[in-house]
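Report on one structure; see the data block that follows.
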Amino acid sequence: MYSEKVMDHFSNPRNVGEIENANAIGEVGNAKCGDIMKIYMNIEDNIIKDAKFKTFGCGAAIATSSMATEMVIGKTVDEALALTNKAVMEALDGLPPEKVHCSVLAEEAIHSAISDYKRRMGLSDEEKNCSGCCGRCKEENE
Amino acid sequence: MDVYMDNNATTYMKKEVLDAMLPYLTQQYGNGSSKFYKIGRVAGAAVRDARDVVAKAIGAKINEIYFTGSGTEADNWAIKGAAFAKKDKGNHIITTQIEHHAVLHTCEYLEKHGYEVTYLPVDEYGMVKPDDVENAITDKTILISIMTANNEIGTIQPIAQIGKIAKSHKILFHTDAVQAIGHIRVNVEEMGVDMLSLSAHKFHGPKGVGVLYIKNGVKIDNLIHGGGQERGKRASTENVAGIVGLAKAIEIATENLDENIKKLSYFRDRLISGILEKIPYCRLNGPTENRLCNNANFSFRYVEGESILMLLDMKGVAASSGSACASGSLDPSHVLLAIGLPHEIAHGSLRLSVGDNTTDKDVDYVLEVLPPIIERLRAMSPLYEGVERREN
């Protein structure tokens, strides 16, 4: 059901883990739906020097996290923001239709981490680093 | 090393079963309904003998056994057939939240056609309360359908008790016993059922053949219309080889029942105690008693089921999961939700079901490869971060 590339990134995921003193952290998804992606980045001089991830989810969720982190390392912030879920999917030689949302999650995780970076740098007016999709903050505050 | 741990999904076909079937796939290819020449009569006699074997195996009479194309067809026939035949009497059906989709989706279909269905809840072990069944009965109730044993978490239901309730209210009672043959004693008289579904491939028979037992005197509508096969109740040229295979398989399964239960429970219990001991943040889903002798089901917190299956597959282990991804839907297994598991814990489920060819070596292997798989996925899981920190 999965391409060889997906199997490769699932069985040997690149960039797993956390970055100590990361200056960009984004988390998307929720446990109820069965997938959470958390991406850590180290951004210097507008360049993504390093990216790592932690993911709770299926094979496709892990493979897209791995591929997305690999694709943004070395890119500028704007280049990383231009990364689409379609590009991640193509780089993995495609995903089954029911797994397309995993690639969307990967795109959102990159965006979420960069919003966090911009907020930390005072480059953004956004109060919260939240796409408003998961309702998890609400649950946590209850 | 290849280890098959998905016997609740299907089983390998036994050599004796294949040997019994082969003549009917080659030389004896006659149509079982063609009575005016020899190879037709040979096929017809094989079907008759098979019917007798099946009847004896479940304590039924020979004319109460109807061969179908699958367990799913048997469920569809029992439920739709009863609903249509009794529609002047009422429109209410009682079933449970943990039935197989063959029953659940059939009931949902009937709801679209004016029937009302009560889906009874179960307790935390997946057990239906007979009192709940009785309390759900109304003067419109025409059918009760409750599975003998659950395919995901192995819960064996109090069918005989429910049978008495159904009988005292004169309501038809159907049970999906697809997981039961070869694992618990199945006797239609003792169980007090009017209809019972079986599927050959769950007990080392071929795929594509099942049985619906219909008690004499019970009238339900036909599902498959056409020729006059199965005494005018189920059209379609008899799957002679499949029927012969089903009979051979049920004969073996019921002859060696006690021995089989003892052997399978031993492997099941080794898996359960080994996994609970070796893997933290893990729970057994389903009961410890009144459980199918071949079924074990676990939830591992902080990880997702499809990933577990993929890593197990890389190690040669075949298993299944009730996670949304594994079930191809957005929600995790309806059975795991019905026993009260939160979504995130249901997503991390793993079913291991042992079988006739399971060995101690297989169990040792699973107990060796599974803990590092769970550990590896947890190390990757953001949900596990806080847990690790609290531990250290």
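Throughout, a chain's letter reflects where its sequence line sits, starting with A, and its residues are numbered from 1.
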| field | Smallest separation among heavy atoms of A:Phe56 and B:His347, with atom names | value |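 Closest approach of A:Phe56 to B:His347: CZ-CB, 4.5 Å.
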| query | Could you state the interatomic distance from CD (B:Glu344) to CD1 (A:Ile36), rounded to the nearest 0.5 Å? | reply |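 The CD atom of B:Glu344 sits 8.5 Å away from the CD1 atom of A:Ile36.
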| task | Kindly compute the distance separating SG (A:Cys33) from CG (B:Asp331), expressed to the nearest 0.5 Å. | result |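 Here the rounded value is 8.5 Å.
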| Checking heavy atoms, do the side chain of B:Leu311, its backbone, both or neither come under 4.5 Å from chain A? |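 Both backbone and side chain.
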| message | Counting only non-hydrogen atoms closer than 4.5 Å, does B:Met314 touch chain A with its backbone (N, CA, C, O), its side chain (CB onward), both, or neither? | response |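 When you check distances to chain A, only side chain atoms of B:Met314 fall under 4.5 Å.
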| request: Heavy-atom distances under 4.5 Å only: say whether A:Pro13 touches chain B with side chain, backbone, both or neither. | output: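 A:Pro13 touches chain B through side-chain heavy atoms alone.
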| Atom group of A:Ala60 that falls short of 4.5 Å from chain B, counting heavy atoms |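 Just the backbone, heavy atoms under 4.5 Å.
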| query | So which pairs with a foot in residues 363-374 of chain B pass salt bridge (charged side-chain N to carboxylate O under 4.0 Å, His left out), sequence neighbours left out? | reply |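 For residues 363-374 of chain B, and leaving out neighbouring residues, the salt bridge (charged side-chain N to carboxylate O under 4.0 Å, His left out) pairs sorted by first residue read B:Arg270-B:Asp364.
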| task | Provide the full list of salt bridge (charged side-chain N to carboxylate O under 4.0 Å, His left out) pairs with a residue in residues 307-322 of chain B, sequence neighbours left out, each pair given once. | result |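 Counting only pairs at least two positions apart or across chains, no salt bridge (charged side-chain N to carboxylate O under 4.0 Å, His left out) contact touches residues 307-322 of chain B.
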| message | The test is side chain to side chain contact (heavy atoms under 4.5 Å, CB included); show your working for B:Ser307 and A:Phe10 and say whether it passes. | response | CA-CA 9 Å; B:Ser307 296; A:Phe10 169 72; 3.9 Å; yes
Do the side chains of [Y] and [X] get nearer than 4.5 Å, heavy atoms only?
X        : Y       : value
B:Glu385 : A:Lys38 : yes
B:Met380 : A:Thr55 : no
B:Met310 : A:Tyr2  : yes

Tell me, yes or no, whether the heavy-atom count around [X] atom [atom1], taken from other residues, nucleotides or ligands under 6.0 Å, exceeds 12.
X        : atom1 : answer
B:Glu108 : CD    : yes
B:Tyr125 : OH    : no
B:Arg301 : CZ    : no

| task | Kindly say whether A:Gly59 contributes a backbone atom to a donor-acceptor pair with the side chain of B:Glu306 at under 3.5 angstrom? | result |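 Yes, B:Glu306 side chain to A:Gly59 backbone: donor-acceptor pair under 3.5 Å.
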